[in-house]
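Step one of this worksheet: look at the structure below.
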Amino acid sequence: MVDISIIGLAKSGRTTIFNALTRGKADKEGLTSHIGIAKVPEPRLKVLADMLHPKRVVPAEVRYLDIGASVKGLGKEKGISGQFLTQLSSVDALINVVRAFTDESIPHVEGSLNVERDIAAMDLELAFSDLAVIERRLERIGISLKGAKQPERQTLIREQEMLIKIKADLEKDLPIRELKLTTDEVRAIANYQFLSAKPLLILVNIGEDQLPQAASLEAELGSRYSQPKRRIITLCGKLEVELAQLDNSAADGFRAEFGIGESGLDRTIKLSYELLGLISFFTIASGEVKAWSIQNGTNALKAAGKIHSDMERGFIRAEVTSYDDLMKCASLAEARKKGLLRLEGKSYIVQDGDVITFLFNV
Ligand SMILES: Nc1nc2c(ncn2[C@@H]2O[C@H](COP(=O)(O)OP(=O)(O)OP(=O)(O)O)[C@@H](O)[C@H]2O)c(=O)[nH]1
Ligand SMILES: [Mg+2]
(Lines give C-alpha, C1' and ligand atoms only; values in the text may rest on other atoms or scores of the structure.)
(Ligands and ions follow the chains in the order given, each with its own letter.)
Protein backbone atom coordinates (compact mmCIF):
# COMPACT_ATOMS: atom_id res chain seq x y z
CA MET A 1 0.00 0.00 0.00
CA VAL A 2 1.09 3.54 -0.76
CA ASP A 3 1.62 5.75 2.31
CA ILE A 4 1.40 9.51 2.12
CA SER A 5 1.84 11.88 5.02
CA ILE A 6 0.14 15.23 5.37
CA ILE A 7 2.43 17.87 6.83
CA GLY A 8 2.27 21.64 7.20
CA LEU A 9 2.31 24.45 9.68
CA ALA A 10 -0.22 24.51 12.53
CA LYS A 11 -3.75 25.59 11.60
CA SER A 12 -3.10 25.21 7.89
CA GLY A 13 -6.00 22.78 7.55
CA ARG A 14 -4.17 19.45 7.65
CA THR A 15 -6.80 17.56 9.61
CA THR A 16 -9.55 19.06 7.44
CA ILE A 17 -7.78 17.80 4.30
CA PHE A 18 -7.15 14.45 5.96
CA ASN A 19 -10.85 14.10 6.80
CA ALA A 20 -11.85 15.07 3.29
CA LEU A 21 -9.42 12.61 1.66
CA THR A 22 -10.32 9.70 3.90
CA ARG A 23 -13.97 10.66 4.43
CA GLY A 24 -13.04 10.52 8.07
CA LYS A 25 -14.13 12.31 11.18
CA ALA A 26 -10.83 12.76 12.94
CA ASP A 27 -11.04 15.11 15.88
CA LYS A 28 -9.56 18.42 14.82
CA GLU A 29 -8.46 19.25 18.35
CA GLY A 30 -6.83 15.89 18.97
CA LEU A 31 -3.09 15.74 19.59
CA THR A 32 -2.69 12.20 18.34
CA SER A 33 -1.86 11.36 14.75
CA HIS A 34 -4.51 9.96 12.46
CA ILE A 35 -4.30 7.22 9.87
CA GLY A 36 -6.95 6.72 7.23
CA ILE A 37 -7.55 5.07 3.89
CA ALA A 38 -8.74 6.64 0.63
CA LYS A 39 -9.88 4.82 -2.46
CA VAL A 40 -7.96 5.65 -5.61
CA PRO A 41 -10.29 7.14 -8.24
CA GLU A 42 -10.09 4.98 -11.36
CA PRO A 43 -12.79 5.56 -14.00
CA ARG A 44 -11.82 2.39 -15.90
CA LEU A 45 -12.82 0.33 -12.89
CA LYS A 46 -16.42 1.51 -13.20
CA VAL A 47 -16.49 0.71 -16.92
CA LEU A 48 -15.18 -2.79 -16.18
CA ALA A 49 -17.81 -3.24 -13.48
CA ASP A 50 -20.62 -2.12 -15.79
CA MET A 51 -19.43 -4.60 -18.38
CA LEU A 52 -18.77 -7.62 -16.19
CA HIS A 53 -21.27 -7.18 -13.32
CA PRO A 54 -18.92 -8.58 -10.66
CA LYS A 55 -20.08 -9.27 -7.11
CA ARG A 56 -17.54 -6.81 -5.80
CA VAL A 57 -15.52 -3.91 -7.16
CA VAL A 58 -12.37 -3.19 -5.21
CA PRO A 59 -10.42 -0.01 -5.89
CA ALA A 60 -6.76 0.45 -5.02
CA GLU A 61 -6.14 2.30 -1.77
CA VAL A 62 -3.81 4.95 -0.41
CA ARG A 63 -3.06 5.34 3.28
CA TYR A 64 -2.89 8.89 4.60
CA LEU A 65 -1.22 9.98 7.78
CA ASP A 66 -1.93 13.23 9.63
CA ILE A 67 0.80 13.61 12.22
CA GLY A 68 -1.28 15.46 14.75
CA ALA A 69 -1.43 18.91 16.22
CA SER A 70 1.63 18.74 18.41
CA VAL A 71 3.89 19.67 15.50
CA LYS A 72 2.71 23.22 16.11
CA GLY A 73 5.49 25.70 15.51
CA LEU A 74 7.43 23.08 13.61
CA GLY A 75 8.82 25.77 11.36
CA LYS A 76 10.46 27.51 14.28
CA GLU A 77 12.19 24.51 15.73
CA LYS A 78 15.49 23.04 14.78
CA GLY A 79 14.22 20.00 13.02
CA ILE A 80 11.79 17.16 12.93
CA SER A 81 12.77 14.59 15.48
CA GLY A 82 11.84 11.52 17.41
CA GLN A 83 8.51 9.89 16.82
CA PHE A 84 7.54 12.23 13.98
CA LEU A 85 10.72 11.52 12.10
CA THR A 86 10.16 7.78 12.38
CA GLN A 87 6.60 8.16 11.09
CA LEU A 88 7.53 10.53 8.27
CA SER A 89 10.62 8.63 7.16
CA SER A 90 8.63 5.57 6.26
CA VAL A 91 6.09 7.21 3.92
CA ASP A 92 6.32 7.27 0.13
CA ALA A 93 5.37 10.90 -0.43
CA LEU A 94 4.47 14.08 1.43
CA ILE A 95 1.61 16.53 1.08
CA ASN A 96 2.45 19.96 2.44
CA VAL A 97 -0.75 21.82 3.32
CA VAL A 98 -0.18 25.55 2.99
CA ARG A 99 -2.77 27.95 4.30
CA ALA A 100 -4.24 30.53 1.95
CA PHE A 101 -7.68 30.92 3.53
CA THR A 102 -8.38 33.93 5.71
CA ASP A 103 -10.20 33.62 8.99
CA GLU A 104 -9.84 36.25 11.69
CA SER A 105 -10.90 33.79 14.37
CA ILE A 106 -8.07 31.38 13.51
CA PRO A 107 -4.82 33.35 13.67
CA HIS A 108 -2.05 32.21 11.33
CA VAL A 109 0.93 30.88 13.30
CA GLU A 110 3.25 33.32 11.56
CA GLY A 111 0.91 36.26 12.10
CA SER A 112 0.10 36.76 8.42
CA LEU A 113 -0.76 34.86 5.26
CA ASN A 114 2.16 34.20 2.93
CA VAL A 115 2.09 31.09 0.77
CA GLU A 116 5.65 31.43 -0.56
CA ARG A 117 7.09 31.92 2.92
CA ASP A 118 5.25 28.88 4.28
CA ILE A 119 6.38 26.69 1.37
CA ALA A 120 9.96 27.76 2.01
CA ALA A 121 9.58 27.18 5.76
CA MET A 122 8.56 23.57 5.25
CA ASP A 123 11.34 22.99 2.71
CA LEU A 124 13.78 24.26 5.29
CA GLU A 125 12.28 21.97 7.91
CA LEU A 126 12.74 18.91 5.71
CA ALA A 127 16.30 19.95 4.86
CA PHE A 128 17.15 20.45 8.56
CA SER A 129 15.89 17.00 9.33
CA ASP A 130 18.03 15.45 6.59
CA LEU A 131 21.09 17.46 7.64
CA ALA A 132 20.74 16.19 11.18
CA VAL A 133 20.55 12.60 9.93
CA ILE A 134 23.63 13.15 7.75
CA GLU A 135 25.61 14.71 10.59
CA ARG A 136 24.84 11.83 12.91
CA ARG A 137 25.87 9.33 10.25
CA LEU A 138 29.09 11.22 9.41
CA GLU A 139 30.04 11.16 13.09
CA ARG A 140 29.53 7.40 13.20
CA ILE A 141 31.52 6.90 10.01
CA GLY A 142 34.34 8.96 11.54
CA ILE A 143 34.43 6.66 14.56
CA SER A 144 34.21 3.47 12.47
CA LEU A 145 37.01 4.62 10.17
CA LYS A 146 39.45 4.68 13.08
CA GLY A 147 39.45 0.93 13.36
CA ALA A 148 38.36 -0.06 9.85
CA LYS A 149 40.42 -2.20 7.53
CA GLN A 150 40.05 -2.64 3.77
CA PRO A 151 37.67 -3.24 2.03
CA GLU A 152 35.26 -1.93 4.70
CA ARG A 153 37.34 1.23 4.86
CA GLN A 154 36.79 1.88 1.16
CA THR A 155 33.00 1.44 1.51
CA LEU A 156 32.88 3.83 4.46
CA ILE A 157 34.93 6.45 2.62
CA ARG A 158 32.65 6.26 -0.40
CA GLU A 159 29.59 6.74 1.80
CA GLN A 160 31.31 9.62 3.59
CA GLU A 161 32.10 11.38 0.32
CA MET A 162 28.55 11.00 -0.95
CA LEU A 163 27.05 12.33 2.29
CA ILE A 164 29.40 15.32 2.31
CA LYS A 165 28.31 16.13 -1.24
CA ILE A 166 24.60 15.89 -0.38
CA LYS A 167 25.18 17.95 2.77
CA ALA A 168 26.74 20.75 0.73
CA ASP A 169 23.76 20.75 -1.64
CA LEU A 170 21.27 20.82 1.22
CA GLU A 171 23.12 23.78 2.69
CA LYS A 172 22.65 25.53 -0.64
CA ASP A 173 18.87 25.01 -0.23
CA LEU A 174 18.76 22.17 -2.74
CA PRO A 175 16.41 19.42 -1.57
CA ILE A 176 17.61 15.89 -2.30
CA ARG A 177 14.70 15.26 -4.67
CA GLU A 178 16.20 17.89 -7.01
CA LEU A 179 19.72 16.45 -7.08
CA LYS A 180 21.00 14.59 -10.11
CA LEU A 181 22.10 11.36 -8.52
CA THR A 182 23.37 8.22 -10.19
CA THR A 183 21.35 5.01 -9.87
CA ASP A 184 24.00 3.73 -7.46
CA GLU A 185 23.73 6.84 -5.32
CA VAL A 186 19.92 6.63 -5.29
CA ARG A 187 20.19 3.04 -4.11
CA ALA A 188 22.81 3.94 -1.52
CA ILE A 189 20.73 6.70 0.07
CA ALA A 190 17.38 4.85 -0.05
CA ASN A 191 17.99 3.42 3.43
CA TYR A 192 18.22 6.86 4.99
CA GLN A 193 14.64 7.66 3.90
CA PHE A 194 15.54 11.34 3.62
CA LEU A 195 12.51 13.62 3.85
CA SER A 196 13.64 16.14 1.24
CA ALA A 197 14.10 13.24 -1.19
CA LYS A 198 10.42 12.31 -1.09
CA PRO A 199 8.01 13.42 -3.82
CA LEU A 200 6.14 16.48 -2.57
CA LEU A 201 2.67 17.72 -3.34
CA ILE A 202 2.09 21.27 -2.17
CA LEU A 203 -1.59 21.69 -1.39
CA VAL A 204 -2.63 25.32 -1.14
CA ASN A 205 -5.72 25.42 1.06
CA ILE A 206 -7.86 28.32 -0.15
CA GLY A 207 -11.03 29.76 1.32
CA GLU A 208 -14.46 29.56 -0.31
CA ASP A 209 -14.20 33.23 -1.33
CA GLN A 210 -11.07 32.41 -3.38
CA LEU A 211 -12.75 29.63 -5.40
CA PRO A 212 -13.24 31.77 -8.50
CA GLN A 213 -9.46 32.36 -8.64
CA ALA A 214 -8.50 28.78 -7.79
CA ALA A 215 -7.54 27.74 -11.32
CA SER A 216 -5.54 30.86 -12.15
CA LEU A 217 -3.77 30.74 -8.78
CA GLU A 218 -2.89 27.10 -9.39
CA ALA A 219 -1.54 27.86 -12.87
CA GLU A 220 0.52 30.75 -11.55
CA LEU A 221 1.98 28.78 -8.63
CA GLY A 222 2.42 25.74 -10.86
CA SER A 223 4.64 27.64 -13.26
CA ARG A 224 6.93 28.48 -10.36
CA TYR A 225 6.85 25.33 -8.26
CA SER A 226 6.23 22.39 -10.60
CA GLN A 227 9.13 20.01 -10.97
CA PRO A 228 9.38 16.31 -11.78
CA LYS A 229 9.02 15.41 -8.10
CA ARG A 230 7.08 18.42 -6.89
CA ARG A 231 3.59 19.56 -7.85
CA ILE A 232 1.18 22.14 -6.56
CA ILE A 233 -2.59 22.07 -6.27
CA THR A 234 -5.15 24.54 -4.93
CA LEU A 235 -8.34 23.40 -3.27
CA CYS A 236 -10.72 24.47 -0.56
CA GLY A 237 -10.42 21.96 2.26
CA LYS A 238 -13.49 23.20 4.05
CA LEU A 239 -15.69 22.77 0.98
CA GLU A 240 -14.12 19.43 0.01
CA VAL A 241 -14.78 18.00 3.45
CA GLU A 242 -18.45 18.94 3.11
CA LEU A 243 -18.69 17.54 -0.42
CA ALA A 244 -17.07 14.32 0.74
CA GLN A 245 -20.09 13.68 2.97
CA LEU A 246 -22.52 13.83 0.01
CA ASP A 247 -23.23 11.13 -2.52
CA ASN A 248 -21.49 11.52 -5.86
CA SER A 249 -24.28 13.05 -7.91
CA ALA A 250 -25.15 15.63 -5.25
CA ALA A 251 -21.46 16.51 -4.89
CA ASP A 252 -21.12 16.88 -8.68
CA GLY A 253 -24.10 19.24 -8.65
CA PHE A 254 -22.48 21.45 -6.02
CA ARG A 255 -19.18 21.40 -7.87
CA ALA A 256 -20.85 22.63 -11.04
CA GLU A 257 -22.45 25.42 -9.00
CA PHE A 258 -19.09 26.48 -7.54
CA GLY A 259 -17.39 26.20 -10.93
CA ILE A 260 -15.06 23.42 -9.74
CA GLY A 261 -14.44 20.87 -12.44
CA GLU A 262 -13.06 17.67 -11.01
CA SER A 263 -13.13 16.81 -7.32
CA GLY A 264 -10.14 18.37 -5.57
CA LEU A 265 -9.67 15.16 -3.65
CA ASP A 266 -9.59 13.02 -6.78
CA ARG A 267 -7.04 15.39 -8.27
CA THR A 268 -4.95 15.25 -5.10
CA ILE A 269 -4.83 11.47 -5.18
CA LYS A 270 -4.11 11.39 -8.92
CA LEU A 271 -1.31 13.93 -8.60
CA SER A 272 0.28 11.98 -5.78
CA TYR A 273 0.12 8.92 -8.00
CA GLU A 274 1.78 10.72 -10.87
CA LEU A 275 4.48 12.01 -8.54
CA LEU A 276 5.16 8.48 -7.36
CA GLY A 277 5.20 7.08 -10.89
CA LEU A 278 2.37 4.66 -10.12
CA ILE A 279 0.20 2.89 -12.71
CA SER A 280 -2.88 0.67 -12.38
CA PHE A 281 -3.53 -2.87 -13.45
CA PHE A 282 -6.70 -4.90 -12.98
CA THR A 283 -7.59 -8.43 -11.96
CA ILE A 284 -10.88 -10.17 -12.63
CA ALA A 285 -11.33 -13.28 -10.52
CA SER A 286 -13.86 -15.02 -8.26
CA GLY A 287 -16.52 -12.44 -8.96
CA GLU A 288 -14.26 -9.53 -8.08
CA VAL A 289 -12.86 -6.78 -10.24
CA LYS A 290 -9.90 -5.18 -8.52
CA ALA A 291 -7.53 -2.32 -9.29
CA TRP A 292 -3.92 -2.46 -8.09
CA SER A 293 -1.22 0.18 -8.04
CA ILE A 294 2.38 -0.53 -8.91
CA GLN A 295 5.46 1.45 -9.75
CA ASN A 296 5.80 1.98 -13.49
CA GLY A 297 8.41 -0.51 -14.70
CA THR A 298 7.40 -3.36 -12.37
CA ASN A 299 7.62 -6.86 -13.84
CA ALA A 300 4.85 -9.47 -13.79
CA LEU A 301 6.53 -11.46 -11.00
CA LYS A 302 6.62 -8.49 -8.62
CA ALA A 303 3.11 -7.44 -9.65
CA ALA A 304 1.88 -10.91 -8.67
CA GLY A 305 3.64 -10.47 -5.33
CA LYS A 306 1.57 -7.33 -4.73
CA ILE A 307 -1.52 -9.52 -4.69
CA HIS A 308 -0.14 -12.43 -2.68
CA SER A 309 3.30 -13.69 -1.80
CA ASP A 310 2.17 -17.21 -2.90
CA MET A 311 1.45 -15.86 -6.36
CA GLU A 312 5.00 -14.57 -6.60
CA ARG A 313 6.57 -17.72 -5.18
CA GLY A 314 4.53 -20.10 -7.33
CA PHE A 315 4.38 -17.88 -10.43
CA ILE A 316 3.88 -19.78 -13.68
CA ARG A 317 2.72 -17.13 -16.13
CA ALA A 318 0.44 -14.19 -16.59
CA GLU A 319 -2.46 -14.00 -19.01
CA VAL A 320 -2.60 -10.39 -20.10
CA THR A 321 -4.89 -8.26 -22.17
CA SER A 322 -5.01 -4.50 -22.32
CA TYR A 323 -7.99 -2.58 -21.01
CA ASP A 324 -8.55 -1.18 -24.51
CA ASP A 325 -8.57 -4.63 -26.11
CA LEU A 326 -10.97 -5.92 -23.48
CA MET A 327 -13.27 -3.01 -24.28
CA LYS A 328 -13.63 -4.43 -27.79
CA CYS A 329 -15.05 -7.64 -26.27
CA ALA A 330 -17.85 -8.44 -23.87
CA SER A 331 -15.83 -10.59 -21.49
CA LEU A 332 -12.44 -12.15 -20.83
CA ALA A 333 -13.73 -15.35 -22.44
CA GLU A 334 -14.46 -13.50 -25.66
CA ALA A 335 -11.05 -11.81 -25.52
CA ARG A 336 -9.51 -15.27 -25.26
CA LYS A 337 -11.53 -16.51 -28.24
CA LYS A 338 -10.44 -13.52 -30.31
CA GLY A 339 -6.81 -14.19 -29.42
CA LEU A 340 -6.46 -10.96 -27.44
CA LEU A 341 -5.04 -12.69 -24.36
CA ARG A 342 -1.26 -12.89 -24.35
CA LEU A 343 0.82 -15.26 -22.25
CA GLU A 344 3.61 -13.42 -20.51
CA GLY A 345 6.48 -14.56 -18.29
CA LYS A 346 8.06 -13.26 -15.10
CA SER A 347 10.02 -10.46 -16.70
CA TYR A 348 7.13 -8.93 -18.65
CA ILE A 349 6.84 -5.24 -17.71
CA VAL A 350 3.26 -4.56 -16.65
CA GLN A 351 1.63 -1.70 -18.54
CA ASP A 352 -0.94 0.79 -17.26
CA GLY A 353 -4.41 -0.66 -17.83
CA ASP A 354 -3.33 -4.29 -18.18
CA VAL A 355 -5.98 -6.80 -17.18
CA ILE A 356 -4.08 -9.76 -15.75
CA THR A 357 -4.82 -13.30 -14.60
CA PHE A 358 -1.86 -14.82 -12.79
CA LEU A 359 -1.36 -18.57 -13.08
CA PHE A 360 0.54 -20.02 -10.14
CA ASN A 361 0.92 -23.12 -8.05
CA VAL A 362 1.90 -23.49 -4.42
N1 LIG B 1 -12.47 29.49 6.56
C2 LIG B 1 -11.80 28.36 6.37
N3 LIG B 1 -11.43 27.67 7.45
C4 LIG B 1 -10.75 26.54 7.27
C5 LIG B 1 -10.43 26.04 5.98
N6 LIG B 1 -9.72 24.89 6.15
C7 LIG B 1 -9.62 24.68 7.47
N8 LIG B 1 -10.24 25.68 8.16
C9 LIG B 1 -10.38 25.84 9.61
O10 LIG B 1 -9.12 26.09 10.17
C11 LIG B 1 -9.00 25.45 11.44
C12 LIG B 1 -7.79 24.58 11.44
O13 LIG B 1 -8.04 23.50 10.55
P14 LIG B 1 -7.44 22.07 10.82
O15 LIG B 1 -7.86 21.21 9.70
O16 LIG B 1 -7.70 21.63 12.19
O17 LIG B 1 -5.89 22.44 10.64
P18 LIG B 1 -4.62 21.68 11.21
O19 LIG B 1 -3.48 22.09 10.35
O20 LIG B 1 -4.90 20.23 11.33
O21 LIG B 1 -4.51 22.38 12.63
P22 LIG B 1 -3.76 21.85 13.94
O23 LIG B 1 -3.63 20.37 13.81
O24 LIG B 1 -4.66 22.27 15.05
O25 LIG B 1 -2.46 22.56 13.94
C26 LIG B 1 -10.30 24.68 11.66
O27 LIG B 1 -11.13 25.45 12.48
C28 LIG B 1 -10.86 24.57 10.25
O29 LIG B 1 -12.27 24.47 10.26
C30 LIG B 1 -10.86 26.78 4.85
O31 LIG B 1 -10.63 26.41 3.68
N32 LIG B 1 -11.54 27.93 5.11
MG1 LIG C 1 -4.69 18.86 12.93
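These numbers come from the heavy atoms of this one structure, side chains and all, not from hydrogens, waters or symmetry mates. Just so you know, ligand 1 is whichever comes first in the structure, and atom 1 is the first atom listed for that ligand.
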Residue-level breakdown please: for I106 versus ligand 1, do any non-hydrogen atoms fall below 4.0 Å on the side chain, on the backbone, on both, or on neither? side chain
Can you sort out which atoms of ligand 1 are near T16, meaning under 4.0 Å from one of its heavy atoms? 7 (C), 13 (O), 14 (P), 15 (O), 28 (C)
Need the ligand 1 atom indices (1-based, order shown) with element for anything under 4.0 Å from a heavy-atom of A10. 25 (O)
For a quick test of reading the model, state the closest non-hydrogen atom pair linking L326 to A335 and the distance between them. CD1-CB, 4.3 Å
Tell me the closest heavy-atom pair linking L235 and L265, and the distance in Å. CD2-N, 4.4 Å
N/O to N/O below 3.5 Å, does that happen between [X] and ligand 1?
X: E208; answer: no
X: T15; answer: yes
X: G13; answer: yes

Just wondering, do H108 and E110 contact through their side chains at under 4.5 Å, heavy atoms? yes
Among L235, I206, V109, D103, closest by heavy atom to atom 1 (N) of ligand 1 is D103
Counterpart residues, ring pair (Phe, Tyr, Trp, His ring centres under 6.0 Å), relative to F194 (two or more places apart): Y192
Quick check on R224: does its CZ atom have over 12 non-hydrogen neighbours (other residues, nucleotides or ligands) under 6.0 Å away? yes
Set of residues satisfying salt bridge (Lys or Arg N to Asp or Glu O under 4.0 Å) with respect to K46, sequence neighbours excluded: D50
Between the Mg ion (ligand 2) and T16, is there an N, O or S atom separated by less than 2.8 Å? no
For Y273, run the side chain to side chain contact (heavy atoms under 4.5 Å, CB included) check against I4, T268, V62, I279 and tell me which one passes. V62
Mark the output for G8 as yes if a heavy-atom distance to ligand 1 is under 4.0 Å, and as no if none is. no
